[in-house]
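Each remark here refers to the structure printed beneath this line.
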Amino acid sequence: MGFLIVVRRIEIDYKAPAGEGDEKMALKTISIDSVRDYEGERVTICGWLTHKRSSGRIRFLILRDGTGIIQATLFKGETSDSAFDLYPELTQESSLSVTGELRKEDRAPGGYEILVSEMEIFHIAETYPISPKEHGIGFLMDHRHLWLRSSRQQAILRVRHSVIKAARRFFDDQGFTLLDAPILTPSSCEGTTTLFETDYFEDTKAFLSQSGQLYMEAGAMAFGKVYCCGPTFRAEKSKTRRHLTEFWMIEPEVAFADLKMVMDLAEAMIITIVQEVLKTRQAELHILERDIARLEQIRAPFYVISYDEAIEFLKDAGESIPWGEDFGGGHETIISNRFDRPVLIHRYPTETKAFYMKNDPDRSEVALCVDMLAPEGYGEIIGGGQREDDSEILKTKIEKTGLPPESFDWYLGLRRYGSVPHAGFGLGIERMVAWMCGLEHVRETIPFPRLIDRLYP
RNA sequence: UCCCCAGUAGCUCAGUUGGCAGAGCAGAUGGCUGUUAACCAUCGAGUCCGCGGUUCGAGUCCGUGCUGGGGAGCCA
């Protein structure tokens, strides 16, 4: 199959041996997304069969190759008998190549069809479990390795690609250095109850990273502006539409930056991502039936409110939430539904936030932190803020958490050698993609989702 | 961890008051020269999730376990 990929990527000018008449014409293997460039030419297309129909002496194949779909048409008499007679054998997802003239055809899905003269079968598929009719989510998740072949799943994962590409380009263009954070770590950075633990040779335990942030802080002290993009792991027993046990984050960290600066950075990054998705993924958003107008509204400035103001807002909405408590999913939905653009909520109570958050020097009961809630009820997509840069205060905060202090010697050390104000945030890729695509659940936004009760396939 | 719902053909589901196990799709066979989730005809397909109980009789009622889905809390 590796050979096939090469053939599809490189257009091969095939010269038939002399003396074979019509077969001397050039033969090109093309991808379906490039059919417009080959109208009227004799070409070869490799792909998988998604569907077939027949009506007596005319037979239709719908092929997909990962770049699109095309109808291949077989006429008794015009198509070679050997190719025509292969039709009954073809099952859904069988792999094959077809060769023939490419032409415009309004009756064909996609507007083009290939009039097949020759056909080659790579493999006849067994009865394919995923039929064109509806399936339950449990069944589809069990067949995730095959479900990826559906147009809807491909559309979502292409949007994911664009989200990551846009975010990385945004930071690259602003002079950030990509600094990969470790996956295996000696300790927690959020809390010990949600760590995946594994053996690390004799007598040592390692933990799967919950966040690259602490390492990004070290990186910011070296490079000034850094970011990481990678998987993170939380052993939370969450069973909701917005949780995975393995999820990806993009985490920038900036030296000599304060809360306001990273709030502006987060806003600019989100706008860049939304613009990139709107620019490059119109076809995918259409397949997903996304209301594009809702995304076109996403522009500066985003709404900015304090935690105090959010509490007042929730009380006005009839919710009884005391000051000092973190918002639940329901509260977030109420707030984010209120706005047509993302809203940044800053200065949460210190008690609800992680140890590394810096307290507001003017009000020690609140932290210099920020969450960004996406509109349409999508809720929190970003969490971040200014980090505690005082060694002694940080040490006290770590002791208060009950986390093993010796694991954080290196982290505290960052504050002993030229400590500076610094800040950063983390963007949850899957929640961002779910918002862009208008999905109910994040499980479709990652190729192989890991959930509390699902580790397969 | 807690609350709610579901489990019947490969898939999606129906199954009445407890009384012979059903449909559509998928699969197989045949027909049709422009199909669009094509259509028409025919055929095959079942540990009714497991265990226990009530009953002359259980897919249906009761108990229990397992699996899946939805929600809460926690978080990105």
Side-chain angles (χ1 to χ4, degrees), chain A residues 50-62 69 71-79 84 87-89 91-93 105-111 113 115 125-143 146-147 150-151 189-191 193-194 210-213 231-251 266 325-333 348 352-354 370-374 378-384 425-435 440-443 445-446 451-454 456:
Chain A
T50 65
H51 214 79
K52 68 175 187 178
R53 290 182 280 269
S54 74
S55 181
R57 294 197 171 83
I58 184 167
R59 295 171 169 180
F60 303 96
L61 308 174
I62 307 296
I69 61 161
Q71 175 166 285
T73 307
L74 294 77
F75 283 107
K76 181 75 175 172
E78 294 184 33
T79 299
F84 194 80
Y87 176 89
E89 291 181 42
T91 52
Q92 188 184 355
E93 289 303 315
E105 171 55 69
D106 290 340
R107 287 171 292 186
E113 72 176 2
L115 290 172
E126 294 174 26
T127 303
Y128 193 62
I130 301 178
S131 68
K133 288 273 183 174
E134 73 276 24
H135 296 283
I137 189 69
F139 176 81
L140 290 169
M141 291 290 282
D142 286 341
H143 295 83
L146 302 177
W147 193 22
S150 76
S151 58
C189 57
E190 295 284 346
T193 55
T194 62
Q210 294 170 306
S211 160
Q213 182 206 308
T232 50
F233 308 85
R234 306 234 174 134
E236 291 162 5
K237 297 200 170 175
S238 307
K239 240 174 89 81
T240 82
R241 63 183 56 182
R242 45 218 279 197
H243 284 88
L244 298 165
T245 54
E246 177 180 315
F247 67 99
W248 284 57
M249 280 204 289
I250 288 201
E251 296 176 276
E325 216 165 88
D326 206 353
F327 303 131
H331 298 132
E332 282 187 5
T333 303
Y348 283 70
T352 67
K353 290 294 171 182
V370 63
D371 283 357
M372 186 190 291
L373 308 189
Y378 279 93
E380 185 178 358
I381 53 170
I382 283 175
F425 64 83
L427 167 72
I429 300 287
E430 289 74 20
R431 289 183 180 178
M432 182 73 197
V433 175
W435 171 37
E440 285 288 305
H441 201 297
V442 294
R443 65 189 157 207
T445 64
I446 186 167
L451 298 145
I452 180 168
D453 286 323
R454 188 172 290 280
Y456 178 93

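Order of the sequence lines sets the chain letters (A, B, ...), proteins ahead of strands, with each chain counted from 1. These numbers come from a predicted model, not from an experiment.
With hydrogens and angles ignored, no donor-acceptor pair under 3.5 angstrom links the side chain of T194(A) to the base of C74(B). Residue R57(A) places no side-chain atom within donor-acceptor reach of the base of U33(B), judged by atom type and a 3.5 Å distance cut-off alone. In the interface, the side chain of E126(A) is not paired with the base of G10(B) through any donor and acceptor atom under 3.5 Å apart. Side-chain atoms of S238(A) stay outside donor-acceptor range of the base of C75(B), with no qualifying N/O pair under 3.5 Å. A donor-acceptor contact under 3.5 Å is formed by the side chain of R431(A) with the base of C75(B). A donor-acceptor contact under 3.5 Å is not formed by the side chain of H135(A) with the base of C11(B).
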- prompt: Quick one: what's the B/S/- string for nucleotides 3-8 of chain B, heavy-atom cutoff under 4.0 Å, read 5' to 3'?
  reply: ------

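Contact check, R454(A) against G69(B): a side-chain N or O comes under 4.0 Å of OP1 or OP2. Using a 4.0 Å cut-off, some side-chain N or O of R443(A) falls inside it from OP1 or OP2 of G70(B). A close approach under 4.0 Å does occur between a side-chain nitrogen or oxygen of K237(A) and OP1 or OP2 of U1(B).
Distance L140(A) CG to U12(B) P: 8 Å, rounded to the nearest Å. Look at CG on L74(A): it is 12 Å from C1' on U33(B), rounded to the nearest Å. Taking atom CD of residue E325(A) and atom P of nucleotide C74(B), one finds them 8 Å apart after rounding to whole Å. Distance, I381(A) CD1 to C75(B) P: 18 Å, rounded to whole Å.
Closest to the side chain of T240(A), out of U35(B), A26(B), G73(B), is G73(B). With C75(B), C11(B), C32(B) as the candidates, the nucleotide lying closest to the side chain of E332(A) is C75(B). Nearest nucleotide to the F75(A) side chain, out of A76(B), G34(B), A26(B): G34(B). If you check C11(B), G70(B), G34(B) against the side chain of H441(A), the one that comes closest is G70(B). When distances run from any side-chain atom of S54(A) to the nucleotides G34(B), C32(B), G70(B), the shortest one goes to C32(B).
Judged as a salt bridge (charged side-chain N to carboxylate O under 4.0 Å, His left out), and not counting sequence neighbours, R53(A) has no contacts.
For the pair F247(A) and A76(B), the ring geometry qualifies as stacking, because the centroid separation is below 5.5 Å while the planes lie within an angle under 30°.
The C1' atoms of A76(B) and C5(B) are separated by 29 Å, rounded to the nearest whole Å.
Nucleotide A28(B) is matched to U42(B) when pairs are restricted to Watson-Crick or G-U wobble geometry with both distances under 3.5 angstrom.
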